[in-house]
Amino acid sequence: MRSFRIMLALVMLFASLLWLLLGTNAPVYAVISQHAQIIPSAIQASLGATVVWIVATMLFGRIYCATVCPVGTIQDIAIWIRRKVNPKKKFRFEEGNKFRYAVLVAYLGSLIVGILAVGYVIEPWNIMRNAASLVRPDDTAMTWGAIGISLAIGGAAGITAIVAILIWAWLGGRNFCTALCPIGTALGCMHSQALMHIAIDPDKCISCMKCEDICSAKCIKVEQRLVDNSRCIRCFDCTAVCPNDAIRFQLNKDRHRRTPLLEPNA
Ligand code: SF4
Ligand code: SF4
Ligand code: SF4
């Protein structure tokens, strides 16, 4: 599963870059990368991809973040290089911050009242588009012109955002995805309804810490056998590294289990 997701993510990144840099001159298969993105689909009012991703998230969690989003994949590349440069540095669980929900509310509010600039600077696809505008200005000139900002500033905003996201990823994993990105936060909000979860089997776990060490979303706490699935980006690094098959992507069979009440003594 992990190999398949990595392959798919790289293919989608390649296709996205072709589309961003070549526009309508890109090969037909590259066009799919744009149609597969949540935000362009929603904006074009075709809503096709958006609906598909909502359903997919309800079933499997944030697989969009593991495969299709180019900003997710470039972070994974930065994290992979960091692992090669400094293999001793491990990730550790961090509590999810509540600020991401404030960002999501601000983002949705800005869409409702028509303040487009917020989306232009924080949506992952628009970040890539802004940066690409420096080599293909025709695509974004209208976008930025619509809010009275020059293309140069838009392009600079895109490059600055990408550099900042990559530095943040180098320093501490998928931080942008788990702490800031409104799309990821929105998808994460659906996790409690997801049919499948990443979960630790407490009977099989030997507390080797390998899964927590490798989790770039910093959402595994081995000590408590906890996986925060709202932040999990379904990279499957943890399932691949576990020596005892104790952490698995599985049907949510325990979702409705309740601790039984103690029977009063007769
Ligand atoms: S959280 Fe946002 S930036 Fe990260 S992969 Fe998901 S959509 Fe892309
Ligand atoms: S890698 Fe497997 S055995 Fe090791 S701590 Fe994680 S779940 Fe437990
Ligand atoms: S819990 Fe596992 S699948 Fe989820 S982000 Fe962490 S390592 Fe990846």
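Both counts, for ligands and for their atoms, begin at 1 and track the order of listing. In what follows, every heavy atom counts, from backbone to side chain, and hydrogens, waters and symmetry copies are set aside.
Looking at heavy atoms from C-beta onward, Cys232 lies out of side-chain contact with Arg62 at the 4.5 angstrom threshold. In this structure, the side chains of Trp125 and Leu20 come closer than 4.5 Å at one or more pairs of heavy atoms. Between Cys205 and Val222 there is a side-chain heavy-atom pair separated by less than 4.5 Å.
Closest protein heavy atom to atom 2 (Fe) of ligand 2: Cys242 SG, 2.3 Å. Closest to atom 5 (S) of ligand 3 among all protein heavy atoms lies Ile233 N, 3.5 Å. Atom 6 (Fe) of ligand 1 has its closest protein heavy atom at Cys65 SG, 2.4 Å. Cys205 SG, 2.3 Å is the protein heavy atom nearest to atom 8 (Fe) of ligand 2. Of all protein heavy atoms, the one lying nearest to atom 4 (Fe) of ligand 3 is Cys232 SG, 2.3 Å.
The distance from ligand 1 to the heavy atoms of Cys177 drops below 4.0 Å at these ligand atoms: 1 (S), 3 (S), 4 (Fe), 5 (S). Listed by number with element, the atoms of ligand 1 under 4.0 Å from a non-hydrogen atom of Cys69 are 3 (S), 5 (S), 7 (S), 8 (Fe). Taking every heavy atom of Ile220 and a limit of under 4.0 angstrom, the matching atoms of ligand 3 come to 1 (S). Those atoms of ligand 2 that come under 4.0 Å of a heavy atom in Cys208, given as number and element, are 1 (S), 3 (S), 4 (Fe), 5 (S). Ligand-side atoms of ligand 1 in range of Cys181: 1 (S), 2 (Fe), 3 (S), 7 (S), range being under 4.0 angstrom from any heavy atom. Below 4.0 Å from some heavy atom of Cys211 lie the following atoms of ligand 2, by number and element: 1 (S), 5 (S), 6 (Fe), 7 (S). Distances below 4.0 Å separate heavy atoms of Cys219 from the following atoms of ligand 3: 1 (S), 6 (Fe). Applying the 4.0 Å criterion to heavy atoms of Gly184 picks out, from ligand 1, the atoms 1 (S), 2 (Fe). Remark: ligand 3 atoms within the under-4.0 Å shell around heavy atoms of Ala217 are 5 (S). Close contacts of ligand 2 with Val222, meaning ligand atoms under 4.0 Å from a residue heavy atom, involve 5 (S). Shown in contact with Phe236 at under 4.0 Å from a heavy atom are these atoms of ligand 3, numbered in order with element: 3 (S), 8 (Fe). Those atoms of ligand 2 with a heavy atom of Ile206 less than 4.0 angstrom away are 3 (S), 8 (Fe).
The closest approach between any non-hydrogen atom of Ile214 and ligand 3 is not below 4.0 Å.
Annotation: cation-pi pair Arg2/Phe249 absent, no NZ/CZ under 6.0 Å from the ring centroid and within 45° of its normal.
The environment of NZ in Lys204 is crowded: more than 12 heavy-atom neighbours from other residues, nucleotides or ligands sit within 6.0 Å.
Remark: among candidates Trp53, Phe176, Tyr64, Trp125, the nearest residue to atom 3 (S) of ligand 1 is Phe176, based on non-hydrogen atoms. Counting only non-hydrogen atoms, the option in Gln75, Glu123, Arg62, Arg100 that gets closest to atom 1 (S) of ligand 1 is Arg62.
Taking backbone and side chain together, Cys238 holds no N, O or S atom under 2.8 Å from atom 6 (Fe) of ligand 2.
Of all heavy-atom pairs spanning Pro182 and Tyr107, the tightest one is CB-CD2, 3.6 Å. Nearest heavy atom pair, residue Leu180 against residue Arg100, reads N-CB, 4.4 Å. Nearest approach of Ala66 to Ile233, heavy atoms of both residues: CB-O, 3.0 Å. Taking each heavy atom of Cys219 and Phe93 in turn, the nearest pair found is C-CD1, 3.7 Å. Between Ala179 and Asn97, the shortest heavy-atom contact is CB-ND2, 3.4 Å. Shortest non-hydrogen contact noted between Ile220 and Cys215 is CD1-CB, 3.9 Å.
A salt bridge links Asp76 and Arg174; the closest N-O separation between the charged side-chain nitrogens and carboxylate oxygens is under 4.0 Å.
Residue-level proximity to ligand 2 for Glu212 is absent, since no heavy atom of it falls below 4.0 angstrom. If you look at Pro124 next to ligand 1, the close heavy atoms, those under 4.0 Å, all belong to the side chain.
Inspection of the Ser207 and Arg225 side chains reveals an N or O donor paired with an N or O acceptor under 3.5 Å.
Panel note: side chain Asp228, backbone Glu95; no donor-acceptor pair is recorded below 3.5 Å.
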